[in-house]
Protein chains: 2
Amino acid sequence: MTEERVLRADAARNRAALLAAATEEFAERGLEASVADIARRAGIGKGTVFRHFPTKDDLLAAVVLDRIEALSALAGSLLGAADAGAALLEFMDAAAGRQQQLDLSFLRESGAVNARLDEARASLFESIVALVERAKTAGAVRADVDGMDVILLMCAPNHVVSFVPDPSPELWRRYLGIIFDGLRPEGARPLPHPAPGAVTA
Amino acid sequence: MTEERVLRADAARNRAALLAAATEEFAERGLEASVADIARRAGIGKGTVFRHFPTKDDLLAAVVLDRIEALSALAGSLLGAADAGAALLEFMDAAAGRQQQLDLSFLRESGAVNARLDEARASLFESIVALVERAKTAGAVRADVDGMDVILLMCAPNHVVSFVPDPSPELWRRYLGIIFDGLRPEGARPLPHPAPGAVTA
DNA sequence: GGCTAAGCGGACCGGGCGGTCAACTTTGTA
DNA sequence: TACAAAGTTGACCGCCCGGTCCGCTTAGCC
């Protein structure tokens with residue numbers, strides 16, 4: 001099905017550099033990042049970019065696919081955690097932290113072309129829904145929120161923080177904590193929220 | 001100081017139509033809105049736009065100024081409300097509701113040019129800080145948040161909702177409620193949040 | 001009604017964007 | 001080492017954007 005062509009050594013090197021540069025550039029400047037800048041950052045010509053990815057959207061899709069698969073792995077491992085509430089928070093923390101300007105990339109559907117991306121996105125979505133359901137039955141979050149709510153809300157901190165000139169590097173995490181507290185059922189409101197990494201470790 | 005030139009009748013008419021069109025267009029499409037589209041929507045030529053406002057930024061500034069002044073008036077009247085927590089929530093509700101894509105317009109400082117805008121923005125900021133302080137002393141919100149936090153967080157709902165294909169029209173309000181709950185001090189978490197308009201009415 | 005200045009509008013300009021292409025270089029194999 | 005296929009490149013194209021300009025229209029005063 002997926003016919004992976006064999007790349008020449010230099011081509012593989014360039015492709016890796018390109019993906020790394022694109023990841024950084026998209027993270028910093030969002031969809032505004034220009035292909036020319038990405039090429040320059042990768043140290044290759046603009047034409048080479050389009051040889052590897054026929055359109056800018058395809059390049060973006062490759063970057064997003066990486067992120068989504070990483071998040072999927074994390075979500076999967078968190079599904080086995082004992083504390084469902086802490087697991088959900090840790091997932092939200094990791095997701096919000098790593099995808100800076102790419103925030104809501106999983107929402108934009110690719111017009112039937114990138115079947116693989118859509119599939120990965122759907123799979124991640126399922127895992128998130130499961131995380132949320134577990135947190136709900138554990139009494140850690142309200143009953144009236146669903147997976148989509150969590151996805152949208154966990155993206156909010158980075159989004160708004162991107163507007164302040166030079167934000168303290170932990171500002172987004174403070175806001176995530178506030179939002180997570182808002183998701184708790186009435187009356188359940190522990191003081192600090194646990195440090196990231198505490199659940200899977 | 002402010003030397004308001006006298007406009008000819010048709011010019012005044014066009015200016016009004018232009019501002020209305022720009023307000024709608026910016027609200028719908030954010031900063032991406034093009035001057036040509038705004039001109040078309042207003043039923044005037046593109047050149048006329050630039051006669052009234054020398055740059056696109058100036059046009060945006062005029063639209064933003066309108067919004068800021070309206071919000072300032074609201075904030076001022078809410079400062080006298082009995083229930084400081086409800087007053088803050090109502091302000092956040094109104095601010096988030098009316099400024100769709102313009103969300104964080106008050107943050108972007110104009111490079112010393114639009115003194116009037118910067119002044120209005122500073123004044124609004126003061127009022128918001130006062131609203132927040134009152135809510136804090138009333139025990140309605142946590143002690144560890146400030147005016148900027150509230151500004152950023154109240155903008156979050158519209159921001160994230162703009163990513164979902166066709167959102168239910170009240171979705172942003174649900175999210176605002178969640179965020180507001182997250183702002184409450186520990187343990188204080190009433191069930192429903194009051195309907196908008198209940199405080200000033 | 002006639003005159004003049006204010007206002008109007010669309011063709012036009014420069015710049016940046018995503019994307020193409022044909023000439024050139026590199027890789028890997030026999 | 002010779003050579004064909006694979007890969008690279010930057011000049012180039014068309015498009016859209018913000019902004020300019022100048023010939024035309026119109027409002028308002030005498």
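Residue numbers start from 1 in every chain, and the chains themselves are labelled A, B, ... in the order their sequence lines are given, proteins ahead of strands.
Relative to the side chain of B:A11, the nucleotides C:dC8, D:dT20, D:dT9 differ in distance, and C:dC8 lies closest. Comparing D:dC12, D:dT9, D:dG18 by their nearest atom to the side chain of A:I44 picks out D:dT9. Looking at the side chain of B:R51, the nearest of the listed nucleotides C:dC8, D:dT8, D:dC17 is C:dC8. Nearest to the side chain of B:R8, among D:dA27, D:dT20, D:dC17, sits D:dA27. Relative to the side chain of A:D10, the nucleotides C:dT27, D:dA11, D:dA27 differ in distance, and C:dT27 lies closest. Comparing D:dG7, D:dT9, C:dC8 by their closest approach to the side chain of B:N14 singles out C:dC8.
Checked against side chain to side chain contact (heavy atoms under 4.5 Å, CB included), A:S123 has the following partners two or more places apart in sequence or in another chain: A:S72.
One atom, CD of A:E25, and another, P of C:dC17, lie 11 Å apart when rounded to the nearest Å. Atom P of nucleotide C:dC17 and atom CG of A:L31 are separated by 14 Å, given to the nearest angstrom. Put simply, NE2 on B:H52 is 11 Å from C1' on C:dA6, counting in whole angstrom units.
Comparing B:V35 and A:G43 by the nucleotide of DNA chain D whose heavy atom lies nearest to each, the residue mapping closer to the 5' end is A:G43.
Residue pairs meeting the side chain to side chain donor-acceptor pair (under 3.5 Å) criterion with at least one member in residues 126-136 of chain A, sequence neighbours excluded, are A:E133-A:K136.
Across all strands shown, B:K56 has heavy atoms under 4.0 Å from sugar-phosphate atoms exclusively, and none from any base.
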